[in-house]
Asker: 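Structure provided below as structure tokens; questions to follow.
Note that the structure is predicted; figures quoted are calculated from it, not measured. Letters A, B, ... are given to chains in the order of the sequence lines, protein chains preceding strands, and every chain is numbered from 1.
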Protein chains: 2
Amino acid sequence: MVGASNSRTLSGMSRTSALDAGDVRDAAPLFFALGDETRLRLLARLSSGGPGSIARLSAKSRVSRQAITKHLEVLADAGLVESRRDGRERIWAFEPKRVSDAHAYLDRISREWDDALSRLKQFVED
Amino acid sequence: MVGASNSRTLSGMSRTSALDAGDVRDAAPLFFALGDETRLRLLARLSSGGPGSIARLSAKSRVSRQAITKHLEVLADAGLVESRRDGRERIWAFEPKRVSDAHAYLDRISREWDDALSRLKQFVED
DNA sequence: GCGATATGCAATCAATTAGTTGCGTATCGC
DNA sequence: GCGATACGCAACTAATTGATTGCATATCGC
């Protein structure tokens with residue numbers, strides 16, 4: 001499963017190659033959410049330790065509970081986590097779908113580069 | 001090639017699993033660099049269009065040349081691009097190594113989640 | 001019901017970011 | 001040499017971020 005095969009939300013996946021503006025607008029907020037140490041730690045915790053309440057997630061953290069709440073909401077906006085209410089608790093869980101979006105985007109960038117190298121090679125060899 | 005096989009800079013890649021603090025500290029700045037629309041566009045341009053000077057890279061951009069320069073330096077700090085001087089020009093090029101670092105990190109997060117699901121399944125079935 | 005627990009909301013703050021403008025310097029090419 | 005081109009540096013600004021604190025509200029469990 002891992003890299004998954006379903007999901008796909010980045011625009012224009014039907015296209016063969018070439019990154020368009022839509023991809024960038026989709027991918028940037030996603031990477032932004034991943035670009036903070038505290039959020040990355042939260043994500044790692046949720047992915048390896050399973051769902052947890054805000055209290056649990058902020059227990060071992062240096063920053064305050066409110067800070068953690070805000071980070072979780074940033075991750076939620078990026079679609080990386082989601083929450084459900086359970087009594088007085090709010091349980092947050094890892095949402096793997098978007099991770100494969102990020103994956104896919106990086107794949108495309110890599111592929112573009114490989115293609116560029118191939119074209120260069122072709123050019124040189126001709 | 002794509003996801004590449006060489007590179008590897010994130011700490012502790014020899015380990016079997018479990019994301020540690022070192023990974024997070026390495027990966028966060030990397031994702032941060034990717035988390036901006038202008039920078040992502042620059043990276044896409046460099047990966048698909050090949051190396052280019054600041055003037056060329058900022059030609060079609062809405063933002064100023066200096067803004068582009070700053071973004072390129074952020075990407076360079078993250079190890080995603082590198083530059084060489086050529087006369088009065090400074091040529092920037094995509095640096096694929098770090099992209100596979102980001103890849104690897106996302107892989108690990110995905111794997112952790114899969115493991116967690118497996119353990120949960122095990123638990124339920126027992 | 002009551003105290004303890006879990007979270008939500010709002011105001012505030014310092015630091016960082018993204019971006020600009022103005023000006024100086026280095027190179028190119030004729 | 002000289003005008004045009006390509007950058008580098010520095011000062012500044014506005015907006016966004018990450019984080020805090022204080023207080024209100026909702027639930028749990030006995």
Asker: Polar-atom pairs under 3.5 Å, protein N or O versus N or O of nucleotides 19-21 of chain D: list them with distances, or write none.
Answerer:
residue, atom, partner, partner atom, Å
D:dA19, OP2, A:His71, NE2, 2.2
D:dA19, N7, A:Lys70, NZ, 3.2
D:dA19, N6, A:Lys70, NZ, 2.7
D:dT20, OP2, A:Ser64, N, 2.7
D:dT20, OP2, A:Ser64, OG, 2.5
D:dT20, O4, A:Lys70, NZ, 3.2

Asker: How many angstroms lie between CG in B:Leu40 and CG in B:Leu75, if you round to the nearest 0.5 Å?
Answerer: 9.0 Å
Asker: Roughly how far, to the nearest 0.5 Å, is CD of A:Glu95 from CG of A:Leu80?
Answerer: 8.5 Å
Asker: Restricting to side chain to side chain contact (heavy atoms under 4.5 Å, CB included), what partner residues turn up for A:Ala93, sequence neighbours left out?
Answerer: A:Pro51
Asker: Restricting to salt bridge (Lys or Arg N to Asp or Glu O under 4.0 Å), what partner residues turn up for A:Glu73, sequence neighbours left out?
Answerer: A:Arg90
Asker: Taking ring-ring contact (aromatic ring centres under 6.0 Å, His included) as the test, write out the residues that go with B:Trp113, two or more places apart.
Answerer: A:Phe94
Asker: Taking 5' to 3' order, which nucleotide of DNA chain C is first and which is last to have an atom within less than 4.0 Å of a heavy atom in chain A?
Answerer: C:dA4 to C:dA11
Asker: Can you sort out the partners of B:Arg84 under side chain to side chain contact (heavy atoms under 4.5 Å, CB included), two or more places apart, ordered by chain and number?
Answerer: B:Asp86, B:Ile91
Asker: Excluding sequence neighbours, so at least two apart, what forms salt bridge (Lys or Arg N to Asp or Glu O under 4.0 Å) with B:Glu89?
Answerer: none
Asker: Is any side-chain heavy atom of A:Val74 less than 4.5 Å from a side-chain heavy atom of A:Asp36?
Answerer: no
Asker: Taking any heavy-atom pair under 4.0 Å as a contact, classify A:Arg39: base, sugar-phosphate, or nothing.
Answerer: sugar-phosphate
Asker: Does a side-chain N-to-carboxylate-O contact under 4.0 Å join A:Asp101 and A:Arg98?
Answerer: yes
Asker: Would you mind reading off the bend of the helix from C:dG1-D:dC30 to C:dC30-D:dG1 from its two end axes, five pairs each, to 10 degrees?
Answerer: 40°
Asker: Strictly below 4.0 Å, heavy-atom distances to any atom of DNA chain D: list the hits from residues 76-93 of chain A, or just say none.
Answerer: A:Gly87, A:Arg88
Asker: Could you check how far CZ of A:Phe32 sits from C1' of D:dA15, rounded to whole Å?
Answerer: 12 Å
Asker: Would you mind reading off the distance between A:Glu73 atom CD and D:dT16 atom P, rounded to a whole angstrom?
Answerer: 18 Å
Asker: Can you sort out the partners of B:Glu37 under side-chain hydrogen bond (donor to acceptor under 3.5 Å, both in side chains), two or more places apart, ordered by chain and number?
Answerer: B:Arg41
Asker: Please tabulate, for the side chains in residues 55-64 of chain B, all donor-acceptor contacts under 3.5 angstrom to protein atoms that are two or more places apart in sequence or on a different chain.
Answerer:
residue, atom, partner, partner atom, Å
B:Ser58, OG, B:Ile54, O, 2.8
B:Ser58, OG, B:Ala55, O, 3.4
B:Ser61, OG, B:Val63, N, 3.1
B:Ser64, OG, B:Ala67, N, 3.2

Asker: For B:Val74 and for A:Ile54, locate the closest nucleotide of DNA chain C by heavy-atom distance; then report the residue assigned to the nucleotide nearer the 5' terminus.
Answerer: A:Ile54
Asker: Is there a side-chain contact between B:Leu34 and A:Leu34, using heavy atoms and a 4.5 Å cut-off?
Answerer: no
Asker: Would you please name every residue forming a side-chain hydrogen bond (donor to acceptor under 3.5 Å, both in side chains) with A:Thr69, sequence neighbours left out?
Answerer: none
